There are 2 protein chains.
Amino acid sequence: MNADKRKRLEAAGWKVGTVQEFLNLNDADMEYIETKLALTKAVKLQRKRKNLTQVALAECMKTSQSRVAKIEKGDPTVSVDLILRALFALGATRKELANAI
Amino acid sequence: MNADKRKRLEAAGWKVGTVQEFLNLNDADMEYIETKLALTKAVKLQRKRKNLTQVALAECMKTSQSRVAKIEKGDPTVSVDLILRALFALGATRKELANAI
DNA sequence: TGACTATATGCCAGAAATGGCATAGCATGG
DNA sequence: CCATGCTATGCCATTTCTGGCATATAGTCA
C-alpha cells in the first residue's frame, strides 16, 4: 500500500496495518504458524507423489480419512505431532523434513 | 555385536535384537522419536546460550518451569507443538529449526 | 553446616487433540 | 442423468496434553 492511500484511509478513520498486527501475533507465533503450514504442504505433496489416497495414508498412520483431510487443510485442531506422523508414515526422513521446513 | 557372541547367546536361549525391534518400532516411529529428541536438545542448547533459566523461558512462553524441565528431559507427556513453541520463544527461526532436526 | 538458586518429578483438574462416524461436495466417466 | 471414487466438514466421546502447584534433588557459596 502506498503512503497516499494509507493517508486517505487513516483520514477516513481506518486503522491500517498488517494481518499479523491485527491478530496480535508476535514473531514466535508467526514462525510457528508458517512452519506448520509448510509441513501440511509437504504432506499433501508427498502423498500425491506416491499416488496415495487420503484413505490409504490414513491406514498407514492408523487414523481416519477425515484427520488426513484436516491435516492437509491446515485445520486448527491438528497438532504438529500428527503432521509429523503423517510425513514419516509417507517415508520421509529427518533430512527431508528439515528441507520441507 | 559379532556373530560369534550372538550365536552363543542364542544357543543359551536369549533373544538377540535391537532396542527398536524389542519395542516394535517401525522406521516412522524411530524418525519421529529421534526428531523429537533433536528438538529437545536444541531447546536446552539455545536456552543455555542465552543464559536463561527454565523459569525465565517458562515466562517467555507462558508456561511453567516444570513443563520446561519436562521438555528438556524428553518427558513423554510433552508434544512437539510445545517444543516448537519453546524454540521459537527462544528466538529461533525456521531455518535454525531445520538445522536442528 | 544452612541458605539459596536451578532443575527435576509427581499429581491432577481443565483444556485440547484424536479417532471414528456420518454425510456433504465435487469431479469424472459411463 | 446417476454411479463411483476422492476429499471436505461437522460432531462428539474418549484420550492425551497442559498449566499450576507442591515438593524433591542437586549444586554453590558463605
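Keep in mind the model is a prediction, meaning the values are calculated, not measured. Below, chains carry the letters A, B, ... as their sequence lines are ordered, and counting in each starts from 1.
In this structure the side chain of A:Arg47 never reaches within 4.5 angstrom of the side chain of A:Ile71, judged on heavy atoms. Using a 4.5 Å cut-off on side-chain heavy atoms (C-beta onward), A:Met61 and A:Leu82 make contact. Residues A:Val43 and A:Arg85 are not in side-chain contact: their nearest non-hydrogen atoms beyond the backbone lie 4.5 Å or more apart. Side-chain atoms of A:Glu72 and A:Gln54, non-hydrogen and from C-beta on, do get closer than 4.5 Å to each other.
A:Lys73 comes within 4.0 angstrom of sugar-phosphate atoms only, judged by non-hydrogen atoms across all strands, and of no base.
In this structure, the side chain of B:Glu59 does not engage the main chain of B:Ala56 through any donor-acceptor pair within 3.5 Å. B:Lys70 contributes no side-chain N or O that, together with a main-chain N or O of B:Val78, makes up a donor-acceptor pair within less than 3.5 Å.
Residues from residues 77-89 of chain B lying near DNA chain D, meaning a heavy-atom separation below 4.0 Å, are B:Thr77, B:Val78, B:Ser79, B:Leu82, B:Arg85 in numerical order. Using a 4.0 Å cut-off on heavy atoms, the residues of residues 49-65 of chain B that approach DNA chain D are B:Lys62, B:Thr63, B:Ser64, listed by number.
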- Task: Could you walk me through whether B:Leu37 and B:Thr40 pass the side chain to side chain contact (heavy atoms under 4.5 Å, CB included) test, one step at a time?
- Result: CA-CA 5 Å; B:Leu37 186 62; B:Thr40 65; 4.0 Å; yes
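Nearest heavy-atom pair across B:Arg94 and A:Ala38 is NH1-CB, 3.8 Å. Smallest separation of non-hydrogen atoms from A:Leu97 and A:Leu87: CD1-CD1, 3.9 Å.
Computed from coordinates, the A:Arg67 CZ to D:dT15 C1' distance equals 12 Å when rounded to whole Å. Across the protein-nucleic acid pair, A:Ile71 atom CD1 and D:dT7 atom P stand 13 Å apart, rounded to whole Å. Atom NZ in A:Lys44 sits roughly 8 Å away from atom P in D:dT7 (whole-Å rounding).
When DNA chain C is scanned 5' to 3' for any atom under 4.0 Å from a heavy atom of chain B, the first and last hits are C:dA6 to C:dC11.
Donor-acceptor pairing under 3.5 Å is lacking for the side chains of B:Gln46 and B:Glu96.
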